[in-house]
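Below is one structure, written out as structure tokens; the observations come after it.
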Amino acid sequence: MSRTVKTAFEPAVPYFRPEALKFLRDLARHNDREWFQPRKAVFEAELKEPMLAVVRKVTEAMLEFAPQHVRPAEKSLFRIYRDTRFASDKRPYKTHVAAWWSHQGMGKTSGAGYYFHVSAKEVVIAAGAYMPEKDQLAAIRNWLLENHESFRKLVQKPTVRKHFTEFDGNALTRPPKGFPAEHPGMDLIKCRQWGLSATLPAETALDKNFAAMVTKYLKLTTPMVDALNTPIAAALKPQKKVLFGLGSGF
């Protein structure tokens with residue numbers, strides 16, 4: 001029986017073939033350059049190009065609900081290579097393919113944004129501020145002093161909770177320095193990350209409507225992402241200069 005081989009001239013479709021999951025399963029067992037390098041073309045055809053096609057579809061939809069997160073697909077896609085410089089785990093490759101849409105002007109890995117990845121075991125779709133930088137962490141915590149109730153409502157909407165669970169907040173054991181210990185939003189303020197995630201079967205990525213499904217999930221998180229970016233964006237704005245100790249009304 002002849003086997004259909006995808007040529008280099010065929011455009012990638014915005015979903016994956018079973019061969020993609022097989023490649024990731026094999027990569028988990030053979031995570032070394034000797035195995036990967038002869039199969040790099042397979043990785044690019046079965047994983048990288050379809051992933052870019054999904055990212056482009058989702059990004060196109062984001063023009064409607066998250067225009068400040070629109071960026072070239074290649075900028076959203078994470079590399080398959082692991083940074084092992086300071087890691088005890090020296091395996092050179094990730095065993096999933098992932099994408100992250102950061103807010104414009106906040107850097108690739110900072111601010112609140114949108115994320116998904118595909119592995120041989122699962123599809124994860126998530127959004128929020130994951131381990132934000134020190135200044136951004138402080139901005140969100142100060143914002144939560146006055147907005148903890150409205151934020152809580154955003155992540156507890158029935159439509160949101162139907163599809164997502166909240167991040168493990170990686171919370172501090174004590175209130176952050178300078179914050180009132182008895183504050184009613186302290187459970188949120190002690191967190192070091194805020195967001196929502198959904199875990200789906202890996203086979204979800206094989207569905208021809210995969211990009212539309214990822215879009216549907218991410219769109220539900222938009223109010224939360226926008227809320228988290230509000231204090232970060234405000235903190236990034238240049239402060240008005242004060243002339244001789246007087247305000248700008250002088």
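Fair warning: this is a prediction, and the values are worked out from it, not measured in the lab.
Side-chain atoms of His183 come within 3.5 Å of backbone N or O of Leu145 as a donor-acceptor pair. Within the 3.5 Å criterion, the main-chain N or O of Pro67 finds a donor-acceptor partner in the side chain of Gln104. With Trp100 contributing its side chain and Gly113 its backbone, the two residues share no donor-acceptor pair below 3.5 Å. Judged by distance alone, with hydrogens and angles left aside, the side-chain atoms of Glu46 form no donor-acceptor pair with the main-chain N or O of Arg17 at under 3.5 Å. Counting only distance, with no hydrogens or angles, the side chain of Gln68 and the backbone of His103 share no donor-acceptor pair below 3.5 Å. With Glu166 contributing its side chain and Trp194 its backbone, the two residues share no donor-acceptor pair below 3.5 Å. Between the side chain of Arg192 and the main chain of Met131, no donor-acceptor pair closer than 3.5 Å is present. Side-chain N or O atoms of Asn147 include none that pairs as donor or acceptor with a backbone N or O of Ser150 at under 3.5 Å. Side-chain atoms of Lys94 come within 3.5 Å of backbone N or O of Arg79 as a donor-acceptor pair. When atom types are taken as modelled, the side chain of Ser119 and the backbone of Glu122 share a donor-acceptor pair closer than 3.5 angstrom.
Contact of the Leu206 side chain with the Leu21 side chain is registered, since non-hydrogen atoms from C-beta on lie closer than 4.5 Å. Considering only heavy atoms from C-beta on, Leu27 comes within 4.5 Å of Phe36 through its side chain. Contact check for Asn31 versus Pro92: side-chain heavy atoms found under the 4.5 Å cut-off. Residues Pro231 and Asn142 fail the side-chain proximity criterion, which asks for heavy atoms closer than 4.5 Å. With contacts defined as side-chain heavy-atom distances shorter than 4.5 Å, the pair Leu228/Phe151 qualifies.
Ion pairing between Glu64 and Lys219 holds under the 4.0 Å rule for side-chain N and carboxylate O. Salt-bridge annotation for Arg82 and Asp89: present, with a side-chain N of the basic residue lying under 4.0 Å from a carboxylate O of the acidic one.
Taking the six-membered ring wherever Trp is involved, the centroid distance between the rings of Phe23 and Trp35 falls below 6.0 Å.
In this structure, the separation between NZ on Lys90 and OG on Ser88 is 7.5 Å, given to the nearest 0.5 Å. The line from CG of Leu218 to CE of Met62 is 5.0 Å long, rounded to the nearest 0.5 Å. The distance from the OG1 atom of Thr230 to the CD1 atom of Ile140 is 10.0 Å, given to the nearest 0.5 Å.
Nearest approach of Pro14 to Phe210, heavy atoms of both residues: O-CB, 4.1 Å.
Taking a 6.0 Å sphere around CZ of Arg161, one finds it holds more than 12 heavy atoms contributed by other residues, nucleotides or ligands. Other residues, nucleotides and ligands contribute at most 12 non-hydrogen atoms within 6.0 Å of the CD atom of Glu146.
Taking Pro223 as the reference, Leu154, Lys157 meet the side-chain contact (heavy atoms from CB on, under 4.5 Å) condition, with sequence neighbours excluded.
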Item to check | From CA spacing to verdict: side-chain contact (heavy atoms from CB on, under 4.5 Å), Ile125, Met213 | outcome: CA-CA 10 Å; Ile125 304 173; Met213 189 211 65; 3.8 Å; yes
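Remark: of the listed residues Arg174, Arg141, Lys190, Arg141 is the sole one forming a side-chain contact (heavy atoms from CB on, under 4.5 Å) with Phe179. Checking each of Thr59, Thr221, Thr222 against Tyr114 for a side-chain hydrogen bond (donor to acceptor under 3.5 Å, both in side chains) leaves exactly one that passes, namely Thr222.
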